[in-house]
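Throughout, a chain's letter reflects where its sequence line sits, starting with A, and its residues are numbered from 1.
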2 protein chains.
Amino acid sequence: MTKPTEPANAIQPSLEEADAALRVFVGYNMKRAFHTVQGDVTASLTPLGLRMLTFSALSVIVSNAGLRQSHLADALAIERPNLVLLVDELERADLITRDRAKDDRRAYSLNPTEKGIALCRRAEQTVLDHDRRMTRDLTPAERSGLISALQSIENVLNREDRDD
Amino acid sequence: MTKPTEPANAIQPSLEEADAALRVFVGYNMKRAFHTVQGDVTASLTPLGLRMLTFSALSVIVSNAGLRQSHLADALAIERPNLVLLVDELERADLITRDRAKDDRRAYSLNPTEKGIALCRRAEQTVLDHDRRMTRDLTPAERSGLISALQSIENVLNREDRDD
DNA sequence: TATTGTTATACTCTATAACTATA
DNA sequence: TATAGTTATAGAGTATAACAATA
């Protein structure tokens, strides 16, 4: 029964189901769904000159005016060096300003411009619309269950990592 | 009320909640959860010499012996060029063989070796264990609800993209 | 002409190490 | 010494365009 060491020219199962064995894993389904979502959200945001990551950064700055780059990095769970070009990009687009913190001349205080706030509102609407479309086959309960399940997984793994 | 154009040295909200505005979006929660999961699964697979992507490819080949590279690309939803080095890697590790298809000398038939099959079984167990751990705060119903919600989103977006 | 696999190339996101200027 | 931001660099994962061999 177990002799597939030799080349086989097997009957191809339906190509749409060739990954059936992987579909039992939550992680694989997350990867597939996220990949699709990211591409789609990025396409929605392109007309606004944003990507998923720049939108996220802008949104956090708008909601937390005055925060420092290192705080932004913590909020987005990315490393500080990766923020430099990202913040440069937002600054160059006049969406935020980088102001020296009064109490600590090493640090920057990140603040949205009027233009940044306006664009953020539009982008939030765009992403919200997209979110609604992509979850349109889900009931409200299923949608909120999805969010809390994702957060549960994130929390369980972060707790595990911290306890190492 | 809307005058945050000037630098603010705002009171920092709890840093853990600085992304609260983004948490309402399914896509953002997917991104955060997936990023954590991918890092964690990769760490689990490293002792076996695999990553999430190489595991996925190996698993599809084991479950569909004889399939072609282009079919593998379709199954994993990645572009053909990106498979070349991936398949090279699996071949070099003696996990699969690349055999010329008898009926089409342009194509390769991908087949797992005994070693590849054995490693795949071990890796599947590893990923399954990881999946169970990370969903341990979910009920079975919540876990299967999560999987079907992710698939629903993937399907909705793919349907939309096809109808463009 | 169309398709299979390939090469070359590039872009996005992420990570680590080491530097600078402050503290 | 330690911290904030930076530079340099590297490694995954993905994408497109163009090519050779074959259909």
>> Please report the distance, rounded to the nearest Å, between CG in A:Asp99 and P in D:dA4.
In response: 18 Å
>> Measure CG/B:Leu76 against P/D:dA15 and give the value in whole Å, please.
In response: 12 Å
> What do you reckon, is CZ of A:Arg122 surrounded by more than 12 foreign heavy atoms closer than 6.0 Å?
Replying inline: no
>> Rounded to whole Å, please give me the gap between CD in B:Glu79 and P in C:dA10.
In response: 18 Å
> Rounding to a whole Å, what distance do you find between A:Arg51:CZ and C:dT12:C1'?
Replying inline: 7 Å
>> Tell me whether the side-chain N/O atoms of A:His35 come closer than 4.0 Å to OP1 or OP2 in C:dC13.
In response: no
>> Ignoring hydrogens and geometry beyond distance, is a side-chain donor-acceptor pair present between A:Asn111 and A:Ser109 at under 3.5 Å?
In response: yes
> Atom NZ of A:Lys102 and atom P of C:dA23: how far apart are they, to the nearest Å?
Replying inline: 15 Å
> Separation of A:Gln38 atom CD from C:dC11 atom P, in whole Å?
Replying inline: 17 Å
> A:Leu45 CG to C:dT12 P: how many Å, rounded?
Replying inline: 14 Å
Would you be so kind as to tabulate the donor-acceptor pairs closer than 3.5 Å made by side chains of residues 54-62 of chain B, with sequence neighbours excluded?
from: B:Thr54; atom 1: OG1; to: B:Arg51; atom 2: N; distance (Å): 2.6
from: B:Thr54; atom 1: OG1; to: B:Arg51; atom 2: O; distance (Å): 3.1
from: B:Ser56; atom 1: OG; to: B:Met52; atom 2: O; distance (Å): 2.8

>> Between B:Arg98 and B:Gln69, is there a side-chain donor-acceptor contact under 3.5 Å, judged purely by atom types and distance?
In response: yes
> Rounded to whole angstroms, how far apart are CG on A:Leu72 and C1' on C:dC13?
Replying inline: 15 Å
> Does OP1 or OP2 of C:dT12 have a side-chain N or O of B:Lys31 closer than 4.0 Å?
Replying inline: no
>> Across nucleotides 2-9 of chain C, 5' to 3', mark each nucleotide with B, S or - according to how protein heavy atoms within less than 4.0 Å reach it.
In response: BBSSBBB-
>> A:Asp131: which residues meet the side-chain hydrogen bond (donor to acceptor under 3.5 Å, both in side chains) condition with it, sequence neighbours left out?
In response: A:Arg143
> Hey, are B:Arg23 and B:Asp19 close enough for a salt bridge, meaning a charged N less than 4.0 Å from a carboxylate O?
Replying inline: yes
